[in-house]
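First the proteins, then the strands, lettered A, B, ... as listed; each starts at 1.
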There are 2 protein chains.
Amino acid sequence: MSDNKNTLTDAVHDLLRKAIIEQALKPGMRLPEDTVGEQFGVSRTIVRHALVRLENQGLVVTLRNRGAFVAEPSREEAQNVFEVRRCLENEVVRLLCQRFPENGYDRLKAHVRQEENVRGKDGPVSIRLAGEFHILLAELTGNTVLARYVSEVVLRCSLIMSLYARSHSSDCAVDEHSQIIDAIRDGNDKRAIGIMEHHLGAVAGRAALSPQTDSIQSILSHYGKELNQ
Amino acid sequence: MSDNKNTLTDAVHDLLRKAIIEQALKPGMRLPEDTVGEQFGVSRTIVRHALVRLENQGLVVTLRNRGAFVAEPSREEAQNVFEVRRCLENEVVRLLCQRFPENGYDRLKAHVRQEENVRGKDGPVSIRLAGEFHILLAELTGNTVLARYVSEVVLRCSLIMSLYARSHSSDCAVDEHSQIIDAIRDGNDKRAIGIMEHHLGAVAGRAALSPQTDSIQSILSHYGKELNQ
DNA sequence: TTTGCGTCAATTGGATACAATATGCTTGCC
DNA sequence: GGCAAGCATATTGTATCCAATTGACGCAAA
């Protein structure tokens, strides 16, 4: 999953991404280059490269001469991400029903067992594992391009959920993960897609319906979009 | 289309991308940071940022301590890109049949007229225009995330076609572009998706069937994969 | 008290200098 | 004549330095 080329930039990039996904770094938080650099013991150059990549992935927003911030996706953007995610993950399921790799079933089941082990714990680990299930699914298609895009939208969804949803314990119903696996194994594409649709719909719905108090920044940024232009 | 923040990095990024798509920079070509920098009159720092972004978009490959090269997608990778593109563009058409913006018809028609003007010319302009039709289509959905991904895969397809297809004049049949527009306007989603499928299938097929002489590198890398491991 | 202006500190944008690493060539040996 | 080791070169990886821009604070005037 991590594209480690063992360069410092990659390491910093992975760390920052992990910190964002696990909500150690909360949306809207500033990411000054030198602060981050000192923290990790590297120069600003490295941090900047990492931030450029995170921005490309939609996890970070940078403002010219202002610096980088953990992204605060608007509701509209969240909706867009969900729309793309549903489209891509349906394709994943469809493909897997056509061509399911040898060891796929075992790997997926093993992952679900991990998820069950932390069931109920409302922490970073369960958030990460829930996302990784979907990423693993995408990787099993053998289509690396598809896997990369799924990975990106899943990560962005994690960020979105941390903004708009109250609780994460039920972000991904583990039961449904199991059901999806079984449907895929049976080659039952209609059923598999149906469950996936329902699964993602539930996640998106929870995000849309829980109007957790927006941060001042996100409210104002929403109303002030014209001004900034 | 260009995400101009008016920073030098963006400018260099746009230029390089354009050069790659228009085949001024051919697949496999080296992109040394200082050479590119001198050419554009900027420092390596800028070029590096641009290259990082191009790598994320799959147009450039970088090898540690070796440098950056214009990507040479393998047939397998090409297949993957097409698979994702078909999935995404079907979603675009589906969405547009649901919600088609006010000025959409006029903008699309205007674009097709541009394409007709250069019909028959087998040059960079027609390649670019053909791709931009699909990108415009995606932008009309209003989903910026979707539009970005479509843009990426379309650009990669341009690169792929330059590697594997003989001629580009018929990359995108302009007639079919018109047909898609009309089907969308009529809200006939089945028909619109059908045409799009056929349209993309034709492109993918031409790439797969025309075994233009592979570059030495790609041939050897294909046969030598076991060795390198 | 509030509004407007000017200066200053903080932070990023960009360039250059140095270090690390891979490649290609030369040289020497078998 | 072919192969391997070592050196030279070229290129990237990283750090540091200067410049440009922005936001904040304070002061003065209405």
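Among C/dT16, D/dG23, D/dG13, the nucleotide with an atom closest to any side-chain atom of B/Arg44 is D/dG13. Closest approach to the B/Arg48 side chain among C/dA22, C/dA15, D/dT12 is made by D/dT12 (side chain taken as heavy atoms from C-beta onward). Picking from D/dT11, D/dA15, C/dG13 the nucleotide with the shortest atom distance to the side chain of B/Arg30 gives D/dT11. Set against D/dT14, C/dG13, C/dA15, the side chain of B/Ser43 has C/dA15 as its closest nucleotide. Side chain of B/Thr45, nearest nucleotide from D/dT16, C/dT16, C/dT23: C/dT16. Checked against C/dT12, C/dA15, D/dT12, the side chain of A/Asp34 finds its nearest nucleotide in C/dT12.
When the P atom of C/dG14 is taken as reference, atom NE2 of A/His49 falls 13 Å away, rounded to whole Å. Atom pair B/Leu8:CG and D/dA20:P shows a separation of 13 Å (rounding to whole Å applied). Atoms CZ (A/Arg64) and P (C/dG13) sit 7 Å apart, rounded to a whole Å. Atom CZ of B/Phe40 is separated from atom P of C/dG14 by 15 Å (rounded to the nearest Å). If you take CG of A/Leu63 and C1' of D/dT21, they are 13 Å apart, rounded to a whole angstrom. Here C/dG13 presents its P atom at 10 Å from CG of A/Leu51, a figure rounded to the nearest Å. Atom-to-atom, CD of B/Glu38 to P of D/dA10 comes out at 13 Å; the value is rounded to the nearest Å. Distance A/Arg66 CZ to D/dT22 P: 10 Å, rounded to the nearest Å.
With a 6.0 Å radius and a threshold of 12 heavy atoms from other residues, nucleotides or ligands, A/Lys18 has its NZ atom at or below the threshold. In A/Gln98, the CD atom is crowded: over 12 heavy atoms of neighbouring residues, nucleotides or ligands sit closer than 6.0 Å.
Contact annotation: A/Thr7 side-chain N/O to D/dT14 OP1/OP2 distance is under 4.0 Å.
Comparing A/Ile46 and A/Asn65, the nucleotide of DNA chain D nearest to each residue sits closer to the 5' end for A/Ile46.
Checking each of A/Gln79, A/Glu76, A/Glu83, A/Glu77 against B/Asn143 for a side-chain hydrogen bond (donor to acceptor under 3.5 Å, both in side chains) leaves exactly one that passes, namely A/Glu83.
With contacts defined as side-chain heavy-atom distances shorter than 4.5 Å, the pair A/Val153/B/Tyr149 qualifies.
Between A/His177 and A/His199, the two ring planes are perpendicular [angle over 60°; tilted spans 30° to 60°].
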